[in-house]
Asker: 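One structure is given below, represented as structure tokens, and several questions about it will come after.
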Amino acid sequence: MNRLLLLGDEAIAQAALDAGLSGMYAYPGTPSTEIMEYIQSSKDAAERKVRRDWSCNEKTAMEAALGMSYAGKRSMVAMKHVGLNVAADGFINSAMTGVNGGLIVVSADDPSMHSSQNEQDSRFYGKFASVPCFEPSNQQEAYDMIFDAFEASEKYKVPILFRITTRLAHSRANVELRDALPERKLSLPPDPLQFVLLPAIARKKYKGLLSSYESLKYDIRLSKYNSFKDGSKRELGIIACGIAYNYLMENISEETNQIPVLKISAYPFPPDLIREITSRCNEVLVLEEGAPIVEEALRGILDNGIKIFGRLDGTVPRDGELNPSIVAKALGLPVTYGEAVPSIVKMRPPSFCKGCGHADMFDSLIEAINSYGPGRVFSDIGCYTLGALPPYSAINSCVDMGASVTMAIGADDAGLFPSVAVIGDSTFTHSGMTGLLDAVVKNSKITVIISDNSTTGMTGGQQSQATGRLVQICEGIGVIMEHIRVMVPLRRNHEENVRIMKEEFDYKGVSVIIAMRECIQTASKRKKSED
Amino acid sequence: MKSDIILSGVGGQGILSIAATIGLAAVDNNLFLKQAEVHGMSQRGGDVQSHLRLSDKPVASDLIPYGKADLILSVEPMESLRYLPWLSKSGWLVTNSNPFINITDYPPLDEILSEIKKIKNHIIIDADAIAKECGSVRSGNLVILGAASPFIDMPYESLENAIRKLFGRKGEEIVEINLKALRAGRNYSNDLKI
Ligand SMILES: Cc1ncc(C[n+]2csc(CCOP(=O)(O)OP(=O)(O)O)c2C)c(N)n1
């Protein structure tokens, strides 16, 4: 049997390939990025010509995957949790249209916000869209589930939400592979109106979606991913969802192995099994990574059933990632710590690489904006967000991809002058372009600095759709050519760059400054591969 | 048999190559393995760690519980201290003595070393100097792995084999330097007669 040591992300990618994937679509985002990267570097995918290009953003990726499904083939789209917000319109309406070829939407959550702005729980979106959600507990299960998810997608004609979290995504374990399935052939949806969500059609389809979601409750339960293991103990029962099940198992010993355990890895969660465990036990502990979704449903508003322990009563911390020690405490088991961290140990936040162009851009920006006063620089998400930290302390916002441009518009409307946006090249093509068009149409007095390192740096240097196209894009959007300024952020150009920035800040219209210098990480990788 | 190992360092110092070496050796020994890595933001010069768990029985959790690590293997001295709450009372701390200073408030090195010396089982090794003697400063991580190898419950030869496999593509010379570095680290610990 073929066995590989794979990250959770890689197990998902390998499974999709083995399940006859024809198209993979994604925008990078920790902790989901390695799914696409694995497929891009797979020999098998290359030989079969599986489509596997990065998209501009999660919405375009989602819709391209839906198009592949429309044409009868199996497709997958992957993103980080906040990416699903961007893709939400397409995702939720894809539940309404349904699919033709199997479609899996992978959303990778980041509890504890290791590399994210928030820790939203993607399982909400499963319920929101009324589609099944799978939540594997380990790498092997992730691999196996992908096959079942494609089948369920085709059986129920809905996209499947596939939720993972950072620990599974970025942890390696042995995975046993199955024999590969062939790709599906091109085939149009049997009903030519299936994908036409005109109200009259949509109303009918929605009723169908709702009743199939209801029936899933009783069908998915049958799947091997929700399982109840009874035990002789009658005090406490435990419900463990997804990866929380591993942390529970880490703590199960001879003493505790008679506790009844319900493992949930597929949603909508099974009411029968929940009734089974709650009818046997006097108390139940709910362990879930992310929001207390199952726990809240069990408690309802009245919370007058059996005693429930979980995140809502403080047995488990209300936020943040789980770990085996947290679960041990929740079980009332002793936790022994090693020595405390000595107080001399200092924080070591991430920082700009030595020689990074963003740093030189910020040096010039700080000097150029100085005379106007503080609080005028809106920024965005990427390596350049590190400009928020000392010694730079140069930016005043980081909210969601593209918000620098649009927040600058609003602040300009309110009378803040100058209003400056600092955005990365990939973030700009992700969600900055539409905001720039708004600014051009209303002639906002803003300056947009695109700090162009010609890569998607923060996530490890993936191709950027913007590379080589920024001037044309900005001109096409309608920024006046004289106010599209290109500079090279280097120490030796500092004086000139400060002057250019000041000129554009003073301009009472939309200007764009493209500070262009290749990321030193990708440059050195490229040089190595050329050697 | 079980070895729960925390690898620590600073983003960019290459702890994942150590993880890959141990991982490959573990696979050769038919061990179960889980290895939680840090990808993303911290790789930009922040603190990074990896939890590596080897066992002859299936491993449940990807993360090591507090107080249960058998070994902290650190390529940077201050970073070795950050994970002390995970180290078991009988565990070993093996660290490079060379600091990586990319913050302005980095503590004085002698204070760091004296904190490390408070840990009963510790080895501090000047991996950079030893690696240089072996032919390349870039093999410093393997010196530290060698120094930690007596505390990893696997035959030493399987680490050597893993290095051959991982570095084979880069040529015989690199493989030899790396093996020498691994051996030098191993000897350093053995000579301490612990
Ligand atoms: C909606 C959404 N998708 C993806 C991400 C993950 N993400 C954060 S920064 C970043 C890269 C931005 O690249 P770029 O704008 O070129 O800046 P760089 O990091 O290269 O400086 C990505 C993909 C996110 N935070 N939000």
Side-chain angles (χ1 to χ4, degrees), chain A residues 3 5 7-9 30-31 33-34 110 114-116 138-139 166-174 243 245-252 321-325 327-328 335-342 344-354 356 383 385-386 390-391 457-460 521, chain B residues 10-12 19-20 23-24 26-27 32-48 50-53 58-69 72 76 78-79 81-89 91 100 102-108 111-112 115-116 118-119:
Chain A
R3 257 171 127 211
L5 190 56
L7 294 176
D9 275 351
T30 314
T33 312
E34 292 80 2
D110 189 19
H114 299 281
S115 302
S116 306
N138 63 38
Q139 294 78 352
T166 305
R167 276 317 149 189
L168 179 64
H170 287 166
S171 174
R172 251 172 238 288
N174 272 317
I243 200 168
Y245 182 75
N246 295 353
Y247 301 138
L248 174 63
M249 286 302 121
E250 182 74 22
N251 285 294
I252 292 292
E321 191 182 16
L322 297 177
N323 63 44
S325 305
V327 171
V335 176
T336 46
Y337 293 86
E339 299 298 326
V341 182
I344 57 161
V345 174
K346 293 293 184 304
M347 301 251 286
R348 197 186 303 253
S351 55
F352 288 121
C353 305
K354 269 208 187 83
C356 173
C383 287
T385 314
L386 296 171
M458 179 98 277
T459 42
Q521 297 286 352
Chain B
V10 181
L24 204 58
V27 171
F32 291 93
L33 167 79
K34 278 202 172 172
Q35 178 195 323
E37 304 174 356
V38 169
H39 295 210
M41 187 125 183
S42 299
Q43 284 178 303
R44 304 269 158 278
D47 52 272
V48 291
S50 170
H51 288 216
L52 194 58
R53 313 192 73 190
V59 180
S61 165
D62 300 88
L63 295 173
I64 300 168
Y66 286 116
K68 295 278 170 66
I72 290 175
E76 206 279 347
M78 182 177 83
E79 294 308 322
L81 296 169
R82 202 182 293 282
Y83 306 97
L84 288 182
W86 276 268
L87 189 63
S88 88
K89 300 285 178 230
F100 185 98
N102 63 346
I103 49 174
T104 50
D105 54 353
Y106 194 94
E111 287 181 24
I112 292 176
E115 288 293 345
I116 294 171
K118 288 184 195 162
I119 302 302

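Per chain, numbering begins at 1; letters A, B, ... match sequence-line order. Below, all heavy atoms of this structure are taken into account, side chains as well, without hydrogens, waters or symmetry copies.
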Asker: Who among B/I103, B/L81, B/I119 has the most heavy-atom pairs with chain A under 4.5 Å?
Answerer: B/L81
Asker: Please answer whether the main-chain N or O of B/S61 pairs with a side-chain N or O of A/E250 as donor and acceptor at a distance below 3.5 Å.
Answerer: yes
Asker: Which of the residues A/Y337, A/Y245, A/Y247 is involved in the greatest number of heavy-atom pairs with chain B at under 4.5 angstrom?
Answerer: A/Y337
Asker: Can you say whether A/C356 sits under 4.5 Å from chain B via the side chain, the backbone, both, or neither, judging by heavy atoms?
Answerer: neither
Asker: List the atom of A/C353, the atom of B/R44, and the distance in Å for their closest heavy-atom pair.
Answerer: SG-CD, 4.5 Å
Asker: Looking only at heavy atoms and a cut-off of under 4.5 Å, which of B/G11, B/A19, B/G45 has the most pairs with chain A?
Answerer: B/G45
Asker: Looking at B/Y83, B/F32, B/W86, B/F100, which has the largest count of heavy-atom pairs under 4.5 Å with chain A?
Answerer: B/F100
Asker: Out of B/A36, B/A69, B/P85, return the one with the most heavy atom pairs under 4.5 angstrom to chain A.
Answerer: B/P85
Asker: At a heavy-atom separation under 4.5 Å, does A/T30 approach chain B through its side chain, its backbone, both, or neither?
Answerer: side chain
Asker: Side chain, backbone, both or neither: which part of A/L7 has a heavy atom under 4.5 Å from chain B?
Answerer: side chain
Asker: Is chain A contacted by the side chain of B/K89, its backbone, both, or neither, given a heavy-atom distance below 4.5 Å?
Answerer: side chain
Asker: Heavy-atom pairs under 4.5 Å with chain B - which of A/L5, A/L248, A/N251, A/I243 has more of them than the others?
Answerer: A/L5
Asker: Checking side chain to side chain contact (heavy atoms under 4.5 Å, CB included) for the pair B/L33/A/R172: CA distance, chi angles, key distance, verdict?
Answerer: CA-CA 8 Å; B/L33 167 79; A/R172 251 172 238 288; 5.6 Å; no
Asker: Tell me if a side-chain donor or acceptor on A/T33 pairs with a main-chain N or O of A/T459 at a distance below 3.5 Å.
Answerer: no
Asker: Mind checking the NZ-CG spacing from B/K34 to B/D62? Nearest 0.5 Å is all I need.
Answerer: 4.0 Å
Asker: Between A/Q521 (side chain only) and A/G460 (backbone N and O only), is there a donor and an acceptor less than 3.5 Å apart?
Answerer: no
Asker: Check whether A/V335 gets within reach of chain B through its side chain, its backbone, both or neither, counting any heavy atom under 4.5 Å.
Answerer: side chain
Asker: Between B/E111 and chain A, which part of the residue has a heavy atom less than 4.5 Å away: side chain, backbone, both or neither?
Answerer: both
Asker: Please determine, among A/R348, A/K346, A/M249, the option with the most heavy-atom pairs under 4.5 Å with chain B.
Answerer: A/R348
Asker: Check the pair B/V38, A/H114 against side chain to side chain contact (heavy atoms under 4.5 Å, CB included), reporting the backbone distance first and the verdict last.
Answerer: CA-CA 9 Å; B/V38 169; A/H114 299 281; over 6 Å; no
Asker: Between B/K118 and A/E339 (salt bridge meaning N to carboxylate O under 4.0 Å), is one present in this structure?
Answerer: no
Asker: By a 4.5 Å heavy-atom criterion (distance strictly below it), what part of B/V48 contacts chain A: side chain, backbone, both, or neither?
Answerer: neither
Asker: For the atom pair NE2 (A/H170) and CD (B/Q35), what is the distance rounded to the nearest 0.5 Å?
Answerer: 12.0 Å
